[in-house]
2 protein chains.
Amino acid sequence: MRTLKYAILGLINREPMTGYDITREFNSNNLANFWYAKHSQVYPELGRLMEEKLVTCEVVIQGEKLEKKLYSITPEGKAQLLEWLMKNEPLEATPKDVFRLRMYFSDFMTPEELKNQLSLQLEKHILKKKYLTDIMHENHHDQAPAITTPEFGDFMVLEGAIMREESYIAWIQNCLARCPEEEK
Amino acid sequence: MRTLKYAILGLINREPMTGYDITREFNSNNLANFWYAKHSQVYPELGRLMEEKLVTCEVVIQGEKLEKKLYSITPEGKAQLLEWLMKNEPLEATPKDVFRLRMYFSDFMTPEELKNQLSLQLEKHILKKKYLTDIMHENHHDQAPAITTPEFGDFMVLEGAIMREESYIAWIQNCLARCPEEEK
DNA sequence: GGAGCCATGTAACATGTTACATGATTAT
DNA sequence: ATAATCATGTAACATGTTACATGGCTCC
């Protein structure tokens, strides 16, 4: 699959970046909602991409002597990125979800503990949704940017992340509604 | 984290099972929507659980001489499972999603190819939703079973999986709606 | 001068996938 | 008989996390 390879190629295709920049993107408000990696994964992968001649590297001096490696995409890199973007593969395996797994075994909890677990999770997803909508206001003022700009991709996936949270929240509320009323 | 450990404990807690049974559950209509593992991961984990004395194992002969290992949960296993179910941990990292990653880089595609990619994905998620709702009709007749039964967990997570597909479908339709109209 | 960030890397470990390997049972 | 499924395991590899390790730059 080598998805990390294409994630890095896609970022460098937007503009030349260092490994540090790429890692920062992977922990940003946009990308982190559907892809991420630690720097310990990024640097070795950049090495592989160099070997495969999909990126080139220029050493830049920051200040007195700090060396940064600024990576750029090659024509072959662009070609492979485009090929990957055009793919039509079967649906990926469904994402793993530890909370859903715990709910699957809910009959081993008391109804009170089940309700408590659902409420705690609900709260967290409500906060996450608020966090995402705040970013949406700040970055896009809830207006879709023009297609063919990088901002369009940012906007689409952020909107998707918000919708995902809304759906999760609605699901938990459904589950809570199905739990019996407290005995007085 | 050792989530696989708890997934296996949770299953064996419902009733004694073999490694083969567990693997089958991990590829079923319920569980596979939020957790799964291959048999090559299950058998070694069962070995670890034996070492930790969280499960016991009884050899059963099937037919003439086929040996099955039927695993049961121990009191200590039950205790650890319950502890895990009661946890209140921060939200997991957001699930990775290759299609969203490709959409993030959509400005590198032509608008036509972007629409094509969105349409292909839409179709797949519509099929998946139909697949899930069919199972819902068959297994539960759209009626929530009583809380405190294992079927309640099955129902909850299946409902969640359907809602997840509905949300994904709505997102893709949003994206398509934002794409410009075809020229004449 | 020190805190926090910029910048790059490696090592050990945990998790997960694909392939290799073997053999019994059941239904056609 | 033979194909599909039941049943259990290991090996090699890919992916991802945590910890170790080093040093420069910028702002206070």
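The sequence lines fix the lettering, A, B, ..., with proteins before strands; numbering per chain opens at 1.
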Rounded distance in Å - [atom1] ([X]) to [atom2] ([N]):
| X | N | atom1 | atom2 | value |
| --- | --- | --- | --- | --- |
| A:Glu64 | D:dG23 | CD | P | 18 Å |
| A:Lys68 | D:dC25 | NZ | C1' | 11 Å |
| A:Arg24 | C:dA7 | CZ | P | 7 Å |
| B:Tyr20 | C:dT26 | OH | C1' | 12 Å |
| B:Leu70 | D:dC6 | CG | P | 16 Å |
| B:Leu46 | D:dT8 | CG | C1' | 11 Å |
| B:Ile61 | C:dA24 | CD1 | P | 12 Å |

Quick one: do the A:Thr18 and A:Asp21 side chains pair a donor with an acceptor below 3.5 Å?
yes
What I want to check is whether the side chains of B:Gln117 and B:Glu113 have a donor and an acceptor closer together than 3.5 Å.
yes
Contact summary for [X] and [Y], nearest pair of heavy atoms:
| X | Y | answer |
| --- | --- | --- |
| A:Glu67 | A:Ile61 | CG-CD1, 3.6 Å |
| A:Val42 | A:Ala37 | CG2-CB, 4.3 Å |
| A:Leu118 | A:Cys179 | CD1-SG, 4.1 Å |
| A:Gln80 | A:Tyr6 | O-CE2, 3.6 Å |

N/O (side chain, A:Gln62) to phosphate O (OP1/OP2, D:dG24) under 4.0 Å
no
Taking only side-chain nitrogens and oxygens of B:Tyr43, does any of them come within less than 4.0 Å of OP1 or OP2 of D:dG9?
no
Examine distances only and state if a side-chain atom of A:Thr148 and a backbone atom of B:Asp107 form a donor-acceptor pair shorter than 3.5 Å.
no
Net bend of the helix from C:dG1-D:dC28 to C:dT28-D:dA1, end axes of five pairs each, nearest 10 degrees
30°
Contact letters for nucleotides 13-23 of chain C, in which S counts primed atoms plus P, OP1 and OP2 and B counts the base, heavy atoms under 4.0 Å
--SBBBB---B
Please determine if A:Arg100 forms a cation-pi arrangement with A:Tyr168, meaning its NZ or CZ atom is less than 6.0 Å from the six-membered ring centre and no more than 45° off the ring axis.
yes
Counting only heavy atoms not in A:Glu123, do more than 12 fall under 6.0 Å of its CD?
no
